[in-house]
Amino acid sequence: MARILAVTNQKGGVGKTTTAVNLSACLAEFGQRVLLVDLDPQGNATTGCGIVKREAMPTVYQILIGRATMADSCLSTEFGFDLLPANRELAGAEIDLIDLGQREYRLRDALAGIRGNYDFILMDCPPALNLLTVNGLVAADRVIIPMQCEYYALEGLTDLVATLKKVRAKLNPVLEIEGLLRTMFDARSTLTQQVSRELESHFGEKVYRTIIPRNVRLAEAPSYGKPAIAFDRSSKGAQAYLQLALEILDRHAGKVGAGPVALGAQP
Ligand code: ATP
Ligand code: MG
């Protein structure tokens, strides 16, 4: 039965999509059956997997409004994992869902039927706390929070934790934080080091030991429609995501015990 993980942070440009695509590819590399769900109308995860987003059809949009089945919509990528694509049509979902019942539960219900086919289902959420993100958080068991270690990061994290608590109280009682991931890390910056230490002291073991460095190959890979391990496997970025996949597999195998973060933990 798949673990369903939402990659989320309402802050834009923190590395959600880079993490969702690369982690999917790296988990697949270690033999895991993975589905990546693109929940963002920007369709960046779709493009990053080499799929032309304007030609992708049906997409997660048709799933949410009940006009397509998962079997018709999930594509096999050339990188060993499946993709449920998205494109700008998804921006209309917010309005289209208003008239539909159970609107926060539509993705959860759609994934229920295929959960047994995968080991991991990862969702790339948009940079907003909208109905699409709520659908992701309701469908998820846990969330992965990528963040840049910069001045406002901890403040944003407090807001996110508060939102997760609300979703947990009203819509999804099992939701937990899976882990916090430091992205675009520049070890030479004193501020980065400071924020990183603060994060560790508030969230302890729940902060992934793996740190994703700022690495130009990670930024270049999507323009070739490839995850970094397929673009430049030896790059520091690709190696870091392989390491992250191993860390997550270890956690799930119960070998390295961090466990989910209690939502009570506040930065
Ligand atoms: P959005 O909120 O718009 O969905 P996001 O959180 O999904 O953004 P990404 O698209 O993954 O963030 O990353 C933002 C930009 O930073 C992209 O151009 C990406 O290629 C680049 N990037 C992400 N991670 C790294 C990294 N570790 N090193 C260098 N560049 C990176
Ligand atoms: Mg994104």
Side-chain angles (χ1 to χ4, degrees), residues 5-26 36-51 53 56 59-60 79 83-88 90-91 93-94 122-137 140 143-150 152-153 156-157 159-160 163 179-189 192 195-196 199 207-245 247:
L5 304 174
V7 181
T8 194
N9 191 333
Q10 77 279 12
K11 197 162 168 20
V14 295
K16 293 181 288 296
T17 302
T18 304
T19 298
V21 170
N22 285 290
L23 186 55
S24 294
C26 292
L36 171 59
V37 178
D38 190 349
L39 257 188
D40 187 344
Q42 296 181 100
N44 292 342
T46 301
T47 312
C49 295
I51 306 292
K53 59 187 172 190
T59 67
V60 67
F79 312 109
L83 171 76
L84 177 56
N87 56 34
R88 52 201 295 195
L90 185 59
E94 193 90 9
L122 299 184
M123 296 175 289
D124 182 29
C125 294
L129 291 170
N130 57 18
L131 193 50
L132 292 170
T133 300
V134 169
N135 260 274
L137 296 179
V143 297
I144 293 177
I145 305 174
M147 53 183 299
Q148 278 181 269
C149 291
E150 58 186 25
Y152 292 115
L157 196 53
D159 294 343
L160 181 57
T163 303
L180 292 110
L181 178 66
R182 291 164 285 185
T183 59
M184 297 183 229
F185 200 86
D186 178 3
R188 291 164 306 178
S189 153
T192 296
V195 174
S196 176
L199 200 64
V207 181
Y208 291 118
R209 288 191 310 277
T210 306
I211 294 177
I212 309 298
R214 186 170 283 284
N215 176 250
V216 70
R217 304 304 262 172
L218 285 173
E220 288 169 348
S223 60
Y224 294 85
K226 291 181 175 178
I229 50 165
F231 176 60
D232 181 355
R233 194 187 171 89
S234 64
S235 64
K236 286 210 166 75
Q239 291 298 312
Y241 277 108
L242 281 167
Q243 190 57 46
L244 177 66
E247 185 175 351

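Counting starts at 1 for both ligands and their atoms, following the listed order.
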> Are any non-hydrogen side-chain atoms of I145 and L160 less than 4.5 angstrom apart?
Replying inline: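 Heavy-atom side-chain distance check passes, below 4.5 Å.
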Can you tell me the protein heavy atom closest to [atom] and the distance?
atom	answer
atom 28 (N) of ligand 1	N215 N, 2.9 Å
atom 1 (P) of ligand 1	G13 N, 3.5 Å
atom 21 (C) of ligand 1	A219 CB, 4.3 Å
atom 4 (O) of ligand 1	Q42 NE2, 3.3 Å

Using a strict 4.0 Å cut-off to heavy atoms of [X], name the atoms of ligand 1 that fall inside it.
X	answer
D40	4 (O)
G12	2 (O)
L218	26 (C), 27 (N)
V14	5 (P), 6 (O), 12 (O)

> Evaluating non-hydrogen atoms only, which member of M184, E220, K236 is closest to atom 16 (O) of ligand 1?
Replying inline: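 Heavy atom nearest to atom 16 (O) of ligand 1 belongs to M184.
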>> Regarding atom 9 (P) of ligand 1: of the candidates T8, T18, I211, D124, which has the closest heavy atom?
In response: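 It is T18 that holds the nearest heavy atom.
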>> What I want to check is whether the side chains of N135 and T133 have a donor and an acceptor closer together than 3.5 Å.
In response: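 The criterion, which ignores hydrogens and geometry beyond distance, is not satisfied for T133 and N135.
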> Any side-chain donor-acceptor pair under 3.5 Å between T210 and Q243?
Replying inline: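 Note: T210 and Q243 side chains miss the donor-acceptor criterion.
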>> I need the minimum non-hydrogen distance between G225 and F79, along with the two atoms involved.
In response: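 Minimum heavy-atom separation between G225 and F79: O-CZ, 3.4 Å.
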> Which heavy atom of P127 sits nearest a heavy atom of K16, and at what distance?
Replying inline: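 Heavy-atom minimum between the residues: CB-NZ, 3.8 Å.
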> Is G15 in contact with ligand 1, taking contact as a heavy-atom separation below 4.0 Å?
Replying inline: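 Yes.
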> Does ligand 1 have any atom sitting under 4.0 Å from a heavy atom of T183?
Replying inline: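 False for this residue.
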> Got a protein heavy atom sitting under 4.0 Å from atom 18 (O) of ligand 1?
Replying inline: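 No; the ligand atom in question lacks any protein heavy-atom contact below 4.0 Å.
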I want to know if ligand 1 touches [X] in the polar sense, i.e. an N/O pair below 3.5 angstrom.
X	value
C125	no
K16	yes
T17	yes

>> I need the contact type for I212 against ligand 1. Using non-hydrogen atoms and a strict under-4.0 Å cut-off, is it side chain, backbone, both or neither?
In response: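 Side chain only.
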> Just heavy atoms, cut-off under 4.0 Å: does P213 contact ligand 1 by side chain, backbone, both, or neither?
Replying inline: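 The backbone, only.
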>> For F185 and I212: C-alpha separation, side-chain torsions, deciding distance, then whether side chain to side chain contact (heavy atoms under 4.5 Å, CB included) applies.
In response: CA-CA 6 Å; F185 200 86; I212 309 298; over 6 Å; no
> Is there a side chain to side chain contact (heavy atoms under 4.5 Å, CB included) between D40 and L90 once you walk through the steps?
Replying inline: CA-CA 7 Å; D40 187 344; L90 185 59; 5.7 Å; no
> Taking 4.0 angstrom as the limit, do K226 and E220 come out as a salt bridge?
Replying inline: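 No salt bridge links K226 with E220.
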> Do NZ/NE/NH1/NH2 and the carboxylate oxygens of R214 and D186 come within less than 4.0 Å?
Replying inline: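 Not counted as a salt bridge, because no side-chain N and carboxylate O are separated by less than 4.0 Å.
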> Within the stated cut-off of 2.8 Å, is an N/O/S atom of T17 closer than that to the Mg ion (ligand 2)?
Replying inline: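 An N, O or S atom of T17 is closer than 2.8 Å to the Mg ion (ligand 2), so yes.
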>> If we check side chain to side chain contact (heavy atoms under 4.5 Å, CB included) with N22, which of these qualifies: L244, L242, L218?
In response: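 Option passing the side chain to side chain contact (heavy atoms under 4.5 Å, CB included) with N22: L218.
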>> Testing L199, T183, V207 one by one against M147 for a side chain to side chain contact (heavy atoms under 4.5 Å, CB included), which residue passes?
In response: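 One option only clears the test, and that one is L199.
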> Given the rule in the side-chain hydrogen bond (donor to acceptor under 3.5 Å, both in side chains) test, do N44 and T46 qualify, once you have shown the distances and angles that lead to the verdict?
Replying inline: CA-CA 5 Å; N44 292 342; T46 301; over 6 Å; no
